[in-house]
Amino acid sequence: MIYLDYQATTPLAPEAREAMLRWLDGPDGTGFGNPHSAHRLGRRAEAAVELARDQVAALFPPGGRVIFTGTATEAINLALRGSEPARAGKPLAIGAIEHSAVLDTALDLPGETTLLPVDREALLDPQVPLPEGVGLVSVMQVNNEVGTVQPIAELYARAKAAGALFVCDAVQAAGKMPLAEADMIAVSAHKFHGPKGIGALWIRDGIALHPLITGGGQEQGLRSGTLSPALCAGMGAAAQLALARMEQDAAHVALLWDRALELFSGWRLNGSADRRYKGNLNIRREGLDVGRLMSDAREVMFSAGSACASESGKPSRILSAIGLTQAEARGSIRLGFGRYTTLSELEQAADMIKDAAAQQE
Ligand code: PLP
């Protein structure tokens, strides 16, 4: 089996696993404490959570705080639903190719939502006009389906000039590249070799939010509920490792990307060739039956469109937004690779995929 679906999730780093084990049980059996208890066992667990918070905070720009959540979806919901402009029913503007965590949340809010268009390269225009009276703008740093990197610095400046809050879904960027400035940034541990079941929202100092989950008042009153020290420790270790290895990982991914372009030279690339994260290769071939391809090349774990959309059987909303025809979108596959993918795995997978595609000719 060869795993090429790094946008859906990434393998747990051994270092993150090691950090977690201590807080699941621990050699002396004292790792199970509630981090919100006042006694020694609790304080130890709390120290682990706070260490992890500092490690995760290092991913973000200075001048903010980290709130742990269950997922990035929850972090995005907290940022959007909990924000003052959204609660006041002010207009929202979001990128046209946002993840459904942003799109469906924005559409569920009382203010009108404008979709900021992307071009055929899957890029937003940094000069895109924002709607009159906009209260909140949300744009992702790296797209999950096609890997394009949006001009976040310019969009953030425009949102500020319009008096709006700016939220960035950095799920696919975190741990892979420096995160751009924003007012709030959402990330998910399992996309950078941490565990599933934990995400975080970074909130710039001075920004007030209303909680979605009320109760014991944990996470500075913004997200009640007992934290899992093991998940926090795993996320913290994964963040620390990703920061330490950022250049090394990027160089490895670039090497894989160059080889992947050679291996799939007859295929067309979806999304910008240069303004992108190179661990995401979204390509298409005319007339390809991707369902059949996935079944014939079943030893390769890859995706048709995004992992979220592929179960619905509908052509990807993102590929349609960048102007692909339904047939082009249906003939597209996404290969995601990263830190633990070897060149030989990539080559073997490409052989299997290309052989399966050739059987369709
Ligand atoms: N945003 C983007 C860009 C994603 O790729 C994903 C997951 O695929 C999410 C948000 C949601 O993340 P989570 O599954 O942690 O809620």
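What you see below is based on every heavy atom in this structure, not just the backbone, and it leaves out hydrogens, waters and symmetry mates. Residues take their numbers from the sequence shown, with the count starting at 1. Ligands are counted one by one from 1 in listed order, and the atoms in each one are counted from 1 as well.
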| Test: Lys176 cationic atom under 6.0 Å from Tyr277 six-membered ring centre, within 45° of axis | yes
| task | Tell me, please: is Glu74 in heavy-atom contact with ligand 1, that is, under 4.0 Å? | result |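 No, Glu74 has no heavy atom closer than 4.0 Å to ligand 1.
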| query | Can you find an N/O atom of Ala72 closer than 3.5 Å to an N/O atom of ligand 1? | reply | yes
| field | Contact (N/O only, under 3.5 Å) between Thr73 and ligand 1 | value | yes
| query | Got a donor-acceptor contact below 3.5 angstrom from the Ser100 side chain to the Leu103 backbone? | reply | no
| said: Whether the side chain of Asn282 engages the backbone of Glu145 through a donor-acceptor N/O pair (distance < 3.5 Å, no angle test) should be reported. | reply: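 Yes; judged by distance alone, with no hydrogens or angles, the pair exists.
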| task | Examine the side chains of Ser332 and Asn270 and answer whether a donor and an acceptor come within less than 3.5 Å of each other. | result | yes
| field | Ion pair Glu46/Arg43, N-O distance below 4.0 Å | value | no
| message | Could you check whether Glu181 pairs with Arg204 (Lys NZ or Arg NE/NH1/NH2 to Asp/Glu carboxylate O, under 4.0 Å)? | response |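 A salt bridge links Glu181 with Arg204.
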| request: Only heavy atoms count here, so choose which of His190, Glu145, Glu98, His99 is nearest to atom 4 (C) of ligand 1. | output: His99
Counting from 1, what ligand 1 atoms have a heavy atom of [X] closer than 4.0 Å?
{"X": "Gln172", "result": "3 (C), 4 (C), 5 (O)"}
{"X": "Ser188", "result": "13 (P), 15 (O)"}
{"X": "Met140", "result": "3 (C)"}

| task | Report the part of Asp169 (side chain from C-beta onward, or backbone N, CA, C, O) that has a heavy atom under 4.0 Å from ligand 1; answer both or neither where that applies. | result | side chain
